[in-house]
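Report on the structure given below.
To find a chain, count down the sequence lines: A is the first, B the second, and so on, and within it residues start at 1. A quick note: this is a predicted structure, and the numbers were derived from the prediction, not measured.
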Amino acid sequence: MEIKQPLSYPYSPAFHALLRAGLHLKLLQQVHAHLIVSGYGRNRALLTKLIKQVCAARSIEYTRRLFLVTPDPDSFLFNSIIKATSKFHFSLDSVLFYRRMIISLIRPSDYTFTSVIKACADLSVLTLGRGIHTHVLVCGYGLNIYVQSSLVAFYAKSGDLDIARKVFDRMPSRSLVAWNSMISGYEQNGLAKEAFELFEQMWKMGVEPDSPTFVSLLSACAQMGALGLGCWVHEHVVKNGFDMNVVLGTSLINMYARCGDVEKAREVFDSMSELNVVTWTAMISGYGTNGYGTEAVELFGQMRILGPSPNSVTFVAVLSACAHGGLVDEGRWVFASMSDEYGLVPGMEHHVCMVDMLGRAGLLSEAYQFIRELVPGSPAPAVWTALLGACKMHKNFVLGVEVAEHLLSVDPENPGHYVMLSNIYALAGRMDRVEMVRNIMFRRCLKKQVGYSTIEVNQKTYMFSMGDKSHPESNEIYQYLDDLMWRCREAGYVALPDSVMHEVEEEERDHALRYHSEKLAIAFGLMKTSHAVAIRIVKNLRICEDCHSAIKYISVVANREIIVRDKLRFHHFKDGVCSCLDYW
DNA sequence: TGTTCCCACG
């Protein structure tokens, strides 16, 4: 007969000692020592509880050690450790413990699967997850709603939306979590429109959304720059009395900021009762991308005093705000404070920001020196790309050609580098070289990204690409645009000469230049909206110099505020002036 | 005992 171990929850003193130790590693180690001394060092139940807490205390090494000293791990121990490691993002360990469980011939349960599949989702490992999906079916959990939801999330996060949707569609009953997983899956893969379509379906079926639903929808609005829809979501959240938690509030800030309405973003920021690092970072970044560099740095200053410790994303936001705002001195001390005050190690992205900042300000040799002296190892292509952009901006051909050639040698598959080199030659008037670079690009079958612009009218988003005639009112739009450009020319607009027409990641230069997607979208917006509302355009690439100049004139002749979000930042055009002050 | 949601660069 087996003698019961002297642990019987909740009466055992050892168990109480564990509870008291909480999440402090030191205390947990003391309890472990105590267990050993008092003869419970191999008590599986106590060790299981201890393992969960050690894992929650974020010590993966100690978690692994404890597992190794536990005799005959049972299914309870395996489930606990797989769940704990998955929950605290030690995803690889989670998968490895799962593997060990299978090898030990212990049958996984539905609880095992939800945890290990979540770990696979964190790792985005498709092949591994597919294998575990097979285990799920073999073990007979194919219809378990929790397992199915985690599979939907896993496939969506790993980028296989078709399979995610298949699993989702085959669910006999869909939980709200399953809906949320699928909606956020679309949004995270850049399919904002599909996210909204699925939400509509859910809405029509009478399923009540919750705050994760709204968070995903707000991200989708931010992605599309759809302010109207975003406001609708905000109103709905307020009307239905949802409590404004940090995540939801941060999503709202992000949505308003990325739709170009910084004031509203700040309003939400000020109204929040709890602010975390992500919230502060979202607001700082919102200021930066909208051209309010000073405000971004100021808010960062407040964060240092009142807020949580900034993380490395915060520094990217502040430094890029400094770069776009020409705030070189501020950027220098912010960068220094990163390691001096917060003990953070600057990464590649921070170096990119610094080179970008120095380069934009015309301090090319300092930028070059920064790369040589302060960037450890061999600098990533992105760092050189930043310098190259600055060379073109300040027309430094010698350095520009040198950097571009270096980039082509280390990163020959990137069409952006070829385009940049060709542009630099064009600026120098070396049209023979321009032709040569273009030919190489052609031979290697490298293509530039296709550009497009979107605009929201009456909560519907319309997309335009260059020379696009797919819109049913195409003729009217072109007519309107021609008319508009004629009025701009009357007011003094002159199209830029050919040699400076094609820039990095901008739309193809040809006779259809006049019909760049942003111009089409603006014409459509002017036709369809009333005078009081601003025109808001979202572009996937950078705005070109000619369009930038043209839009300034359009803002005057059409007497309209026009806000363009390009790949990097916002341009607020009003009365013939752009908020970027031609510094972008 | 579970599955879903927030910030940056390029």
Exercise. Quick one: which of B:dT3, B:dG2, B:dT4 gets closest to the side chain of A:S149?
Worked result: B:dT3
For this session: Ignoring the backbone of A:S175, work out which of B:dT3, B:dT4, B:dG2 is nearest its side chain.
Result: B:dT3
To the nearest angstrom, how far is [X] atom [atom1] from [N] atom [atom2]?
X	N	atom1	atom2	answer
A:K49	B:dT1	NZ	C1'	11 Å
A:I284	B:dC9	CD1	P	13 Å
A:H417	B:dG10	NE2	P	13 Å
A:D356	B:dC9	CG	C1'	10 Å
A:Y141	B:dG2	OH	P	17 Å
A:D122	B:dT3	CG	C1'	12 Å
A:I82	B:dT3	CD1	P	14 Å
A:Y146	B:dG2	OH	C1'	6 Å

For this session: Please determine if a side-chain N or O atom of A:K52 lies less than 4.0 Å away from the OP1 or OP2 oxygen of B:dT1.
Result: no
For this session: Please find out if less than 6.0 Å separates the ring center of A:H133 from that of A:Y155.
Result: yes
Exercise. Can the ring centres of A:F300 and A:W280 be said to be less than 6.0 Å apart?
Worked result: no
Exercise. How would you label the contact of A:D110 with the nucleic acid (heavy atoms, under 4.0 Å): base, sugar-phosphate, or nothing?
Worked result: base
Any salt bridge between [X] and [Y], counting N to O under 4.0 Å?
X	Y	result
A:R304	A:E341	yes
A:K166	A:D162	no
A:K264	A:E267	yes

Exercise. Is there a donor and acceptor pair, one atom on the side chain of A:T114 and one on the base of B:dT3, closer than 3.5 Å?
Worked result: no
For this session: Inspect the surroundings of CZ in A:F76 and state if more than 12 heavy atoms from other residues, nucleotides or ligands are less than 6.0 Å away.
Result: no
For this session: Name the orientation class of the two ring planes belonging to A:W232 and A:H236 (parallel below 30°, tilted from 30 to 60°, perpendicular beyond 60°).
Result: parallel
For this session: Give a yes/no verdict on base stacking between B:dT1 and A:Y111: centres under 5.5 Å, planes within less than 30° of parallel.
Result: yes
N/O to N/O distances under 3.5 Å, protein versus nucleotides 6-8 of chain B:
unit_1, atom_1, unit_2, atom_2, d
B:dC6, O2, A:T250, OG1, 3.4
B:dC7, OP1, A:N254, ND2, 3.2
B:dC7, O2, A:T281, OG1, 3.4

